[in-house]
Amino acid sequence: MRCSTPDAVRRSTTDYGTALTRAMFEAFAQCSAERHRRRAHELRERGHALPGAAAAVSALAATDGVVQTVVTGNIRPVTETELVVFGLDTHVLFPYGGYGEDHDDRAELVRTAMTRSAEALGGPIKAANVLLIGETPADVAAARSAGVPVLSVATGRSTLHTLAEAGAAHVIPNLQNLPALFVALRR
C-alpha cells in the first residue's frame with residue numbers, strides 16, 4: 001500500500017470496491033509514520049517552514065490564555081514529524097489536536113480538537129474563543145462549519161481574494177506581520 005493521507009487511502013479503497021478495515025488503516029498509519037521518520041532528512045532538505053511561522057508560534061505561546069494545537073487531515077505521527085523537522089513543534093500540544101485518523105470531515109477534526117482541549121484543560125471551550133489559522137478555502141469551510149472564527153493566511157496556493165471569498169473573516173498575506181496576527185486574535 002502506498003503511503004498517503006488517510007482520506008486518500010479511504011477513497012482509494014472505496015474506488016476499488018473494498019471497505020477500509022481498521023487493520024488496513026493501522027497498516028497504512030504505521031507505514032506512513034515510519035516513512036516520514038525515515039525520510040525526515042529529505043523533508044528538511046526539500047521543504048522549509050513558511051517565513052514568520054516560527055516567530056508566530058513563539059509569539060502566540062507567550063500570550064496568556066493561548067493554547068496551540070493542530071487540526072489536519074494527516075495522521076498524528078506524520079504531523080509531529082513534519083513540525084519537528086521544521087522547528088515548529090515546541091509550543092504545540094499534539095494530544096489536544098484533531099487528525100486524519102479521527103475523522104474524514106475537517107469540521108469534525110476542529111470539534112475533536114476542541115473536545116480534547118476542553119478535557120485536558122478541565123473546562124468547556126467556547127467556539128468564540130477558538131481561532132483556526134488556515135491557508136485554504138477548505139480550512140475556512142471547516143472553521144465556519146464548526147462555528148469557530150478563522151484567520152486565513154495566503155501562504156499557499158490560495159490568494160487573499162479566494163480566502164476572503166470563501167468566508168474568512170480575517171485574511172493576512174503571510175505570518176511575518178505579527179501585529180496583524182494579533183489584531184485578528186483579539187477580535
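This is a predicted model, so every value here is computed, not measured.
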Pairwise distance [atom1]([X]) to [atom2]([Y]) - rounded to 0.5 angstrom:
X      : Y      : atom1 : atom2 : result
His91  : Ser58  : NE2   : OG    : 4.0 Å
Leu50  : Asn174 : CG    : CG    : 9.5 Å
Leu109 : Glu101 : CG    : CD    : 9.0 Å
Tyr99  : Thr79  : OH    : OG1   : 6.0 Å

Does Thr81 reach the main-chain N or O of Pro77 with its side chain, forming a donor-acceptor pair under 3.5 Å? yes

Keeping Thr63 on the side-chain end and Val66 on the backbone end, is there a donor-acceptor pair under 3.5 Å?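 Checking the backbone N and O of Val66 against the side chain of Thr63, no donor-acceptor pair under 3.5 Å is found.
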
Ignoring hydrogens and angles, state whether a donor on the side chain of Glu45 or His41 is under 3.5 Å from an acceptor on the partner side chain.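 Note: Glu45 and His41 side chains miss the donor-acceptor criterion.
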
State whether a side-chain donor-acceptor pair under 3.5 Å links Thr112 with Thr115. no

Please report the shortest heavy-atom distance between [X] and [Y], naming the atom on each side.
X      : Y      : value
Ala107 : Ala146 : O-CB, 3.9 Å
Thr69  : Gly97  : OG1-N, 2.9 Å
Val70  : Phe94  : CG2-CE2, 4.3 Å
Ala113 : Gly98  : CB-N, 3.8 Å
Ala142 : Arg106 : CB-CB, 3.4 Å
Pro149 : Ala128 : CG-O, 4.0 Å

I would like to know whether Glu82 and Asn74 meet side-chain contact (heavy atoms from CB on, under 4.5 Å); could you show each step before the answer? CA-CA 10 Å; Glu82 290 176 352; Asn74 276 324; 3.9 Å; yes

Tell me whether [Y] is reachable from [X] by hopping between hydrophobic residues (I, L, V, M, F, W, Y) whose side-chain heavy atoms are closer than 4.5 Å.
X      : Y      : value
Leu175 : Leu163 : no
Phe86  : Leu83  : yes
Leu43  : Val84  : no
Val153 : Val171 : no
Val71  : Met114 : yes

Take Val57 and Gln68, measure what side-chain contact (heavy atoms from CB on, under 4.5 Å) needs, and give me the verdict at the end. CA-CA 8 Å; Val57 169; Gln68 296 178 82; 3.7 Å; yes

Does a side-chain heavy-atom distance below 4.5 Å link [X] with [Y]?
X      : Y      : result
Ile75  : Val78  : yes
Arg46  : Arg39  : yes
Asn177 : Ile172 : no
Val67  : Tyr96  : yes

Let me see the working for Leu181 and Leu178 under side-chain contact (heavy atoms from CB on, under 4.5 Å), right down to the final yes or no. CA-CA 5 Å; Leu181 176 63; Leu178 288 178; 4.0 Å; yes

Between Glu34 and Arg37 (salt bridge meaning N to carboxylate O under 4.0 Å), is one present in this structure? yes

Given Arg144 and Val140, is the side-chain contact (heavy atoms from CB on, under 4.5 Å) satisfied, shown in steps? CA-CA 6 Å; Arg144 291 174 55 97; Val140 174; 3.7 Å; yes

Contacts table for residues 129-137: side-chain donor-acceptor under 3.5 angstrom, sequence neighbours left out:
from: Glu135; atom 1: OE1; to: Thr155; atom 2: OG1; distance (Å): 2.7
from: Thr136; atom 1: OG1; to: Ala138; atom 2: N; distance (Å): 3.3
from: Thr136; atom 1: OG1; to: Asp139; atom 2: N; distance (Å): 3.0
from: Thr136; atom 1: OG1; to: Asp139; atom 2: OD1; distance (Å): 3.4
from: Thr136; atom 1: OG1; to: Asp139; atom 2: OD2; distance (Å): 3.1

Before giving the answer on salt bridge (Lys or Arg N to Asp or Glu O under 4.0 Å), spell out for Asp102 and Arg116 the whole-Å C-alpha distance, their side-chain angles and the decisive distance to 0.1 Å. CA-CA 12 Å; Asp102 297 320; Arg116 287 180 176 153; 2.9 Å; yes

